Amino acid sequence: MDDDRRLLATVFAVPLILLTLVSAFFCWTALTIRPSGVWDDDAYAGIVLACLMSAGAAAVAAAVWVVPAVRRVLGWGWVVPALALGVVAGVRWATVG
């Protein structure tokens, strides 16, 4: 039974890890884009898009984790990094103006 649980944890962990990595990439992108001035609408649009993608990937990771079968196998530690990245992206989005 322990081997089945370990295999199940591996199968469920893969999408969470991939979604967390996607969220981290877009969060990093949102944090590193620097507009040249207040007139740089393209940079501001890029920041908003990166924040949206980061928060979206974090939300999908949370939605995957909410499934009871996944929650039974994987603890909070698997979803907290994605949620933290989503919060950072949300703060960056709110302060982009």
Side-chain angles (χ1 to χ4, degrees):
M1 185 67 168
D2 193 33
D3 289 336
D4 290 339
R5 189 173 173 93
R6 186 169 299 153
L7 178 64
L8 194 60
T10 303
V11 168
F12 287 148
V14 169
L16 284 177
I17 291 170
L18 291 176
L19 287 166
T20 301
L21 289 174
V22 167
S23 182
F25 171 75
F26 284 112
C27 189
W28 173 79
T29 302
L31 293 173
T32 57
I33 294 175
R34 297 284 181 240
S36 298
V38 294
W39 49 266
D40 197 358
D41 293 333
D42 292 335
Y44 288 114
I47 293 169
V48 169
L49 180 62
C51 289
L52 180 66
M53 296 299 289
S54 179
V60 172
V64 167
W65 184 81
V66 166
V67 175
V70 177
R71 243 183 342 190
R72 257 184 266 127
V73 177
L74 302 176
W76 274 99
W78 287 93
V79 75
V80 168
L83 294 177
L85 288 165
V87 168
V88 169
V91 169
R92 174 66 170 147
W93 190 354
T95 61
V96 80

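Residue numbers start at 1 and run along the sequence shown. Small disclaimer: the values here were computed from a predicted structure and weren't measured.
Nearest heavy-atom pair, Ala82 versus Ala61, reported as atom, atom and distance to 0.1 Å: CB-CB, 3.9 Å. Taking every heavy atom of both residues into account, Gly37 and Tyr44 meet most closely at O-CE1, 3.6 Å. Nearest heavy atoms, Pro35 versus Asp40: CA-OD2, 3.6 Å. Of all non-hydrogen atoms in Ser23 and Gly86, the two that sit nearest each other are OG-N, 4.3 Å.
Leu49 contributes atom CG, which lies 8.5 Å from atom CD1 of Ile33 (distance to the nearest 0.5 angstrom). Going from atom CD1 of Ile47 over to atom OG1 of Thr32 covers 9.0 Å, rounded to the nearest 0.5 Å. Going from atom CZ of Phe12 over to atom CZ of Arg72 covers 8.5 Å, rounded to the nearest 0.5 Å. The structure places OG of Ser36 at 10.0 Å from CG of Asp42, a figure rounded to the nearest 0.5 Å. Rounded to the nearest 0.5 Å, atoms CG (Leu31) and CZ (Arg92) are 6.5 Å apart.
Checked by atom type and distance alone, the side chain of Trp65 pairs as donor or acceptor with a backbone atom of Leu74 at under 3.5 Å. Looking only at distances, no side-chain donor or acceptor of Ser54 sits under 3.5 Å from a matching main-chain atom of Ala50.
A continuous path of Ile, Leu, Val, Met, Phe, Trp and Tyr side chains, each step under 4.5 Å between heavy atoms, connects Ile17 with Val60, placing both in one hydrophobic cluster. There is a path of hydrophobic side-chain contacts, each under 4.5 Å, that joins Val70 to Val80. Residues Val66 and Val73 share a hydrophobic cluster, clusters being chains of Ile/Leu/Val/Met/Phe/Trp/Tyr side chains in contact below 4.5 Å. Both Trp28 and Phe26 are members of a single hydrophobic cluster when ILVMFWY side chains are connected at heavy-atom separations under 4.5 Å. Criterion: ILVMFWY side-chain heavy atoms under 4.5 Å apart, direct or through other members. Under it, Val67 and Val79 are part of a common hydrophobic cluster.
Under the 4.5 Å side-chain criterion, counting only non-hydrogen atoms from C-beta, Trp78 is not in contact with Thr20.
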Give the C-alpha distance, both sets of side-chain angles, the deciding distance and a yes or no for side chain to side chain contact (heavy atoms under 4.5 Å, CB included) between Phe25 and Leu21.
CA-CA 6 Å; Phe25 171 75; Leu21 289 174; over 6 Å; no
